[in-house]
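One structure is given below, encoded as structure tokens.
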Amino acid sequence: MFFALTDEQQAFASTVTEFLADRFDLEAVRGVVEDPDGDGHPLTLWKGLADQGALAVLVPEEHDGLGLGLVDAQVVARALGAGVAPGPWLATVLAAEAVRIAGSAEQQSRWLPALAAGETVGIVALRGEGGAWDGSGITVDANSAEGESTSRLNGSASPVDYPAVAGLIVVAATDASGTPGLYLVEAGASGLTVRDQRTYDGTARVGAVEFADTPAEPLANGDAAAVRALLARGAVLNAADLVGVAREALTRTVAYDRDRNQFGVPVGSFQALKHALADLHVAVTMAEHAVLFAAHALDTDDEGAAIAVAVAGSKAADAAWNATGAMIQFFGGIGFTWEHEAHFFYKRARRRAPLFGSAAEHREALFVATAL
């Protein structure tokens with residue numbers, strides 16, 4: 001079976017990549033990294049992504065979206081990872097996915113066009129600090145009085161990407177029976193507190209969201225299955241970002257070591273370096289294929305989708321960790337400096353690798369799934 005991106009998907013990826021190169025390159029990224037007190041949400045980048053349809057990729061056409069699938073969305077995530085681009089793209093796309101998957105017709109009509117156009121920033125708060133990514137790490141409780149259409153949330157979720165700029169928060173919470181579900185909280189709701197947190201990854205902004213009897217609107221079909229579906233989609237798109245980071249880090253490393261001379265010859269000609277870089281290329285390539293297939297499996301409701309997601313998550317995390325670590329080492333002394341961009345890639349990989357399940361968690365899930 002031959003499986004590859006279509007010409008249209010490749011063109012979509014190229015459009016995002018070229019936009020970043022022209023309008024938001026690594027110098028622009030450095031501006032965000034070196035402004036830790038800023039919101040990390042450059043509006044020029046956000047508007048450009050919205051204009052290209054990158055925010056609307058998974059939103060149905062009847063709600064002003066492109067109506068595409070995860071295979072298309074992962075090419076955007078991969079390009080943003082390669083450009084170590086800041087901003088709440090992934091969080092907003094996942095918030096829209098939650099509404100698309102689990103929202104009522106009225107909820108979809110209200111929120112999806114605004115999310116697709118970038119008029120509203122969406123985020124997802126799906127677990128408590130240190131909690132597992134399998135749905136068991138939820139630390140927010142939902143209570144509702146009989147006859148009321150709204151619920152009240154209590155608890156906290158942390159860390160959450162870009163809570164300070166969010167207009168809509170999709171929260172995973174458990175009801176009185178312990179059943180997980182998805183709830184919508186609007187910015188400014190009573191009892192909602194956003195607490196900023198520092199992160200070593202300057203290409204992101206994170207924080208905690210705390211709820212104290214906060215009014216929330218349950219997503220109509222936001223049951224445990226919807227929570228699992230959202231976590232799986234998040235795992236694939238996060239893995240796509242990681243393989244984008246890994247591929248770009250490896251490409252830059254190979255280019256540098258072809259030109260850098262030691263003892264009168266390029267250091268890339270040394271056997272030890274060649275073998276290490278070749279092994280990294282194989283690992284990154286396999287991770288790219290795993291992510292592509294996992295996206296396809298979710299798009300087609302493949303019966304092996306859970307296994308595909310676990311493989312993609314584990315391989316992408318390992319590849320990004322190893323490729324960015326090698327980037328610092330193989331650039332030599334300059335790779336360890338603040339002035340060099342290697343730390344953008346390394347810190348992004350380190351922060352993102354555990355999101356939506358660490359490599360170890362995905363391997364454990366894979367073991368359980370294949371042992372049944």
Side-chain angles (χ1 to χ4, degrees), residues 41 46 49-50 53-74 76-77 87-127 133 135 138 140 142 144 149-153 157 160-163 165-175 179-189 192 209 211 214-238 295 298-299 301 356:
H41 178 41
W46 191 246
L49 293 175
L55 296 169
V57 59
L58 294 172
V59 174
E61 293 181 56
E62 60 266 31
H63 297 298
D64 302 333
L66 300 183
L68 302 175
L70 271 179
V71 173
D72 306 271
Q74 66 85 36
V76 179
W89 177 85
L90 177 57
T92 298
V93 167
L94 286 179
E97 275 292 86
V99 176
R100 182 188 69 81
I101 292 168
S104 65
E106 189 278 329
Q107 289 169 328
Q108 291 174 351
S109 296
R110 181 182 178 190
W111 290 110
L112 288 181
L115 291 167
E119 296 168 358
T120 298
V121 173
I123 64 170
V124 291
L126 304 179
R127 61 151 193 170
W133 285 99
I138 298 172
V140 177
S144 57
S149 60
T150 59
S151 298
R152 298 282 172 169
L153 302 185
V160 175
D161 280 7
Y162 290 92
V165 298
L168 178 69
I169 308 173
V170 176
V171 185
T174 51
D175 63 18
T179 302
L182 295 172
Y183 300 80
L184 301 179
V185 174
E186 295 187 50
L192 171 65
V209 287
F211 308 96
T214 303
E217 181 182 355
L219 281 172
N221 301 300
D223 55 11
V227 174
R228 289 194 299 270
L230 189 61
L231 289 169
R233 283 159 171 77
V236 169
L237 293 178
N238 185 64
L298 288 176
D299 278 343
D301 294 323
F356 297 96

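Numbers here are sequence positions counted from 1.
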Is there side-chain contact between L90 and D161, with at least one heavy-atom pair below 4.5 Å? no

Closest non-hydrogen atoms of N221 and G103, given as atom of the first, atom of the second and distance, are ND2-O, 4.1 Å

Can you tell me how far apart OG1 (T120) and CG (L115) are? Round to the nearest 0.5 Å. 5.5 Å

Hits for salt bridge (charged side-chain N to carboxylate O under 4.0 Å, His left out) against R127, two or more places apart or cross-chain, chain-then-number order -> none

With sequence neighbours left out, what residues match D175 under side chain to side chain contact (heavy atoms under 4.5 Å, CB included)? S177, T179, Y183

Taken to the nearest 0.5 Å, the spacing of I138 CD1 from L182 CG works out to 8.0 Å

Using ring-ring contact (aromatic ring centres under 6.0 Å, His included) as the criterion, list what pairs up with F356, not counting sequence neighbours. W133

Sequence-distant partners of A229, side chain to side chain contact (heavy atoms under 4.5 Å, CB included), two or more places apart: I101, R233

Please give me the minimum heavy-atom distance between A98 and L219, naming the atom from each residue. O-CD1, 3.7 Å

Taking side chain to side chain donor-acceptor pair (under 3.5 Å) as the definition, give me every residue that meets it alongside R110, ordered by chain and number, with sequence neighbours left out. E186

Mind listing the closest non-hydrogen atom pair of A102 and A226 along with its distance? CB-CB, 4.0 Å

Side chain to side chain donor-acceptor pair (under 3.5 Å) partners of E217, counting only residues at least two apart: Q107

Validation row: P215, R152 side chains within 4.5 angstrom (heavy atoms): yes

Kindly write out the residues that satisfy salt bridge (charged side-chain N to carboxylate O under 4.0 Å, His left out) with E119, not counting sequence neighbours, or none if the list is empty. none

Quick one: does W89's side chain have a donor or acceptor within less than 3.5 Å of a partner on A54's backbone? yes

So which atom in A295 and which in Q74 form the shortest heavy-atom distance, rounded to 0.1 Å? CB-CG, 4.1 Å

Would you call I169 and L192 a side-chain contact if the rule is heavy atoms closer than 4.5 Å? yes

By side chain to side chain contact (heavy atoms under 4.5 Å, CB included), A224 pairs with (sequence neighbours left out) P180, R228

Is any side-chain heavy atom of V170 closer than 4.5 Å to one of L184? yes

Tell me, please, which residues at least two apart from V140 pass side chain to side chain contact (heavy atoms under 4.5 Å, CB included). L153, V171, A173, F211

Go through the steps to decide whether T92 and W46 satisfy the test side chain to side chain contact (heavy atoms under 4.5 Å, CB included), and finish with yes or no. CA-CA 11 Å; T92 298; W46 191 246; 3.3 Å; yes

Sequence neighbours excluded, the answer for salt bridge (charged side-chain N to carboxylate O under 4.0 Å, His left out) partners of R100 is E97

Name every donor-acceptor pair, under 3.5 Å, that has one atom in a side chain of residues 59-72 and the other anywhere in the protein, sequence neighbours excluded.
{"from": "D72", "atom 1": "OD1", "to": "Q9", "atom 2": "NE2", "distance (Å)": "3.2"}
{"from": "D72", "atom 1": "OD2", "to": "G69", "atom 2": "N", "distance (Å)": "3.1"}

Heavy-atom closest pair (P163 atom, V209 atom, distance to 0.1 Å) is CB-CG1, 3.7 Å

Which heavy-atom pair separates A96 from L112 by the least distance, and what is that distance? O-CD2, 3.4 Å

Is any side-chain heavy atom of V124 closer than 4.5 Å to one of V160? no

